[in-house]
Trainee: 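Handing you this structure, nothing more for now.
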Amino acid sequence: MRKGRIGKGLLINAAFPMERWYYFVAICILLFSVLIFLCRFEKRKPQAREVVVLAVMTSLAILGRLILFMTPQIKPCAAIIIITGIMLGKEAGFLCGALTAFVSDFFFGQGPWTIWQMFAFGMIGLLSAVIFSGKENLLREKKWLLCLYGFFAAFLGYGFIMDFSTVLMYTDSPKISALIATFITGLGFNLIHGFSTAVFLWFLANPFFRKLDRIKTKYGMYIKDVKKKTGK
């Protein structure tokens, strides 16, 4: 019995050495956050038409990431995730981002970085909904505001989370200096990602806003959410 316990302890320690337990805890927190949003979306009992629209937007984000796989960081997926969050809400925005990273990584390669990408893209969709939900008309008139937000969401939001994950995954003793060095090293890639997201938003935002607005009105989607906001 004692030998069995020792064997299990050695196995766990081999998989997650004591000096890397922070990494295991971080992964658990990320998985827990993703599960929370999955449960919240399911608890809301979305209509089939809402699930279909979310699936289409997620598929477009995945397809955009796959088609432009030869151009590092020049991809429309972050822009589509932002639009999804604004038009379909917090849960939809987070799930679109998380599923985009998860499914597309079957092509790019699954690994410990996948959960971080899921969280980073998911948070972009979530924050987009929190900041701009119900403000589509303002964004149509001031498209530069949406593009500016898209730049910083990709450059700072996604870039910082992924650089932070790199430090956790590849260093035994995470330090601020290592994080700064990693961010400086990836500065060029993050800038490209930010600028490309802004450009894609400039061209895609208004057409997607019109189409999704029409679908929501035609099929009565998210009517309950509108009533809650207006108090009717």
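All residue numbers refer to positions in the sequence shown, counting from 1. Because only heavy atoms are used, hydrogens play no part in the values below, and waters and symmetry mates are left out as well, while side chains stay in.
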Trainee: Could you give the distance from SG (C96) to CD (E91), rounded to the nearest 0.5 Å?
Mentor: 13.5 Å

Trainee: If only atom types and distance count, is the side chain of E141 paired as donor or acceptor with the main-chain N or O of L139 below 3.5 Å?
Mentor: no

Trainee: What's the separation between atom CD1 in I81 and atom CG in L126, rounded to the nearest 0.5 Å?
Mentor: 12.0 Å

Trainee: Can you give me every donor-acceptor pair (side chain of residues 192-202, partner residue at least two apart or in another chain, under 3.5 Å) with its distance?
Mentor:
from: S196; atom 1: OG; to: Q73; atom 2: O; distance (Å): 3.0
from: S196; atom 1: OG; to: I192; atom 2: O; distance (Å): 3.0
from: S196; atom 1: OG; to: H193; atom 2: O; distance (Å): 3.0
from: T197; atom 1: OG1; to: H193; atom 2: O; distance (Å): 2.8

Trainee: Applying ring-ring contact (aromatic ring centres under 6.0 Å, His included), name anything that partners F203, two or more places apart in sequence or on another chain.
Mentor: none

Trainee: Can you measure from CG (L168) to CG (D163) and round to the nearest 0.5 angstrom?
Mentor: 11.5 Å

Trainee: So do the side chains of D213 and R140 get within less than 4.5 Å of each other, counting heavy atoms only?
Mentor: yes

Trainee: With the 4.5 Å side-chain cut-off for hydrophobic clustering, are W113 and F189 part of the same group?
Mentor: no

Trainee: Give a yes or no on whether F208 atom CZ has more than 12 heavy-atom contacts from other residues, nucleotides or ligands under 6.0 Å away.
Mentor: yes

Trainee: With rounding to the nearest 0.5 angstrom, report the CG to CE distance, L212 to M57.
Mentor: 5.0 Å

Trainee: I180 and L156: same hydrophobic cluster, using ILVMFWY side-chain contacts below 4.5 Å?
Mentor: no

Trainee: Could you list the residues that satisfy side-chain contact (heavy atoms from CB on, under 4.5 Å) with I161, not counting sequence neighbours?
Mentor: W116, F119, A120

Trainee: Does a sphere of radius 6.0 Å around CZ in F183 hold more than 12 heavy atoms from other residues, nucleotides or ligands, not counting ones at 6.0 Å or beyond?
Mentor: yes

Trainee: Rounded to the nearest 0.5 Å, what's the gap from CD1 on I82 to CZ on F121? Could you check?
Mentor: 10.0 Å

Trainee: Atom CE of M87 and atom OG of S133: how far apart are they, to the nearest 0.5 Å?
Mentor: 9.0 Å

